[in-house]
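Reminder, nothing fancy here: chain letters follow the sequence lines and each chain counts from 1.
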Amino acid sequence: MRIATWNVNSIRSRVDRALGVLERHDLDVLALQETKCKDVQFPLDRFTEAGYEVAFHGLDQWNGVAIVSRVGIEDVQIGFDGMPHWGEPDPVAEARAIGATCGGVRIWSLYIPNGRALDNPHYAYKLDWLASLRDTAAGWLADDPQAQICLMGDWNVAPRDEDVWDPGFFEGKTHVSGPERAAFQAMIDAGYDDVVRPHTEGQYTYWDYTQLRFPKKQGMRIDFALASPALATRVTAAAIDREERKGKGASDHAPVLVVIED
DNA sequence: ATGGCGGCCTGCGGCCGA
């Protein structure tokens, strides 16, 4: 099975590119983040015409997640148990997580909060969100150590200095702070392996639109696929589709691909 | 080559992103 995750940065603006990614990589499943539309606005027909089913969740122009599959899409869940809320005066569950079982694998499309700045309330929200996800995901493995689970998406954390083009540039900024890196490591410690890094050493998944970051090769590795132990042993290959970042109308993120033996 | 932000809104500037 061939699966991938991609922060598409508006599905309405990039549905053609999304269909191109599906075809180019012969994907069975594609997890999308930042679809940036309400459910009624989601371009569902374009995917069904191509032979895919889609589970999607969007509340407004912010966030939004989806799972595209041609190997079935069952037991769809919006959000996860204990997922923190955000907003004033009445905090709500944002559209940042959707899960579904596709081809026997429990797929989660995740869009971790940005954090904005170390002294911003959004940063505490981000850490809380990651800690809650860890607790819930650890529970899934406690219930079934053989579970086939893939937690994939835009984690908004660069776990290592080598995951940013200039560590000095990021001093005092989000994505590289100790607590964020500890929160990401806690996912690993809970039993979920980063199955992409071993196949993609030295590569980035994101390049800012500004300052010619892409042609200057000044990017970040912030998109990950974390696999449960039983699934990790089935991973035979992984890749980052840097070509997708090229040209007019690209997302600022590249798709991250994982190949799982049947 | 890969190229100088781009997406959203009942918009025309302000927000969010990382």
Side-chain angles (χ1 to χ4, degrees), chain A residues 5-18 20-21 24 32-43 56-66 86-88 92 94-96 109-127 129-130 153-181 183-184 202-224 239-256:
Chain A
T5 182
W6 187 29
N7 181 319
V8 67
N9 188 20
S10 172
I11 190 58
R12 287 178 291 174
S13 293
R14 267 174 272 287
V15 63
D16 289 331
R17 276 183 175 264
V21 168
R24 187 162 68 252
L32 295 169
Q33 301 85 39
E34 281 211 89
T35 51
K36 288 188 170 177
C37 67
K38 302 175 188 176
D39 286 350
V40 292
Q41 299 172 308
F42 195 96
F56 46 90
H57 176 52
L59 299 171
D60 48 37
Q61 72 268 42
W62 308 117
N63 315 305
V65 284
W86 172 257
E88 294 291 345
V92 298
E94 296 187 298
R96 294 182 176 275
S109 180
L110 305 167
Y111 180 44
I112 281 71
N114 171 288
R116 298 180 184 170
L118 299 185
D119 60 355
N120 191 298
H122 210 257
Y123 178 75
Y125 171 53
K126 177 181 193 175
L127 295 178
W129 208 94
L130 283 166
D154 176 358
W155 293 75
N156 272 324
V157 178
R160 304 181 186 179
D161 281 351
E162 69 203 53
D163 297 332
V164 297
W165 57 275
D166 178 9
F169 178 85
F170 288 91
E171 277 184 33
K173 293 187 172 71
T174 59
H175 294 62
V176 301
S177 72
E180 287 165 282
R181 286 177 168 176
F184 185 85
Q203 297 179 39
Y204 298 134
T205 67
Y206 163 89
W207 299 260
D208 196 301
Y209 282 127
T210 70
Q211 304 299 126
L212 289 171
R213 294 291 185 223
F214 184 58
K216 290 180 178 175
K217 306 185 189 304
Q218 298 177 337
M220 307 171 76
R221 181 195 289 267
I222 54 175
D223 300 270
F224 298 90
I240 297 167
D241 181 10
R242 192 175 179 282
E243 291 296 311
E244 179 54 44
R245 181 63 179 79
K246 297 179 181 178
K248 183 176 173 61
S251 167
D252 41 3
H253 294 253
V256 175

Base, sugar-phosphate, or nothing for [X], non-hydrogen atoms under 4.0 angstrom?
| X | value |
| --- | --- |
| A/Lys173 | nothing |
| A/Arg213 | nothing |
| A/Gln41 | sugar-phosphate |

Under a 3.5 Å cutoff, is there a donor and acceptor pairing between the side chains of A/Glu34 and A/Ser10? no
Sticking with atom [atom1], work out how far [N] lies from [M], rounded to a whole angstrom.
| N | M | atom1 | value |
| --- | --- | --- | --- |
| B/dG14 | B/dT10 | P | 16 Å |
| B/dC15 | B/dG4 | P | 25 Å |
| B/dG13 | B/dT2 | P | 35 Å |
| B/dC8 | B/dC12 | C1' | 14 Å |

Can you check the [X] [atom1] to [N] [atom2] distance for me, whole Å?
| X | N | atom1 | atom2 | answer |
| --- | --- | --- | --- | --- |
| A/Leu59 | B/dC8 | CG | C1' | 15 Å |
| A/Leu212 | B/dC5 | CG | C1' | 11 Å |
| A/Arg12 | B/dG6 | CZ | P | 18 Å |

With a cut-off of under 6.0 Å to the ring centre and 45° to the axis, is A/Arg14 in cation-pi contact with A/Trp6? no
Under the rule for salt bridge (Lys or Arg N to Asp or Glu O under 4.0 Å), what residues qualify as partners of A/Lys216, not counting sequence neighbours? none
Results of salt bridge (Lys or Arg N to Asp or Glu O under 4.0 Å) for A/Asp16 - residues two or more places apart only: A/Arg46
Please list, in numerical order, the residues of residues 240-250 of chain A that have a heavy atom closer than 4.0 Å to any atom of DNA chain B. A/Lys246, A/Gly247
Before you tell me yes or no, could you show the steps for A/Glu94 and A/Tyr125 under side-chain hydrogen bond (donor to acceptor under 3.5 Å, both in side chains), namely the whole-Å CA-CA distance, both residues' side-chain angles and the distance that decides it to 0.1 Å? CA-CA 12 Å; A/Glu94 296 187 298; A/Tyr125 171 53; 2.6 Å; yes
If you define the side chain from C-beta out and look only at heavy atoms, does anything of A/Phe184 sit under 4.5 Å from A/Leu130? no
pair A/Lys36-A/Arg12: side-chain heavy atoms closer than 4.5 Å: no
ring-ring contact (aromatic ring centres under 6.0 Å, His included) filter on A/Phe56, not counting sequence neighbours, yields A/Phe42
Residue set satisfying ring-ring contact (aromatic ring centres under 6.0 Å, His included) with A/Tyr209, at least two apart, ordered chain then number -> none
From the list B/dG7, B/dT2, B/dC9, which nucleotide is the closest neighbour of the side chain of A/Arg14? B/dG7
For nucleotides 10-18 of chain B, just jot down a letter per nucleotide in 5' to 3' order: B, S or -, based on protein non-hydrogen atoms under 4.0 Å. -----BSBB
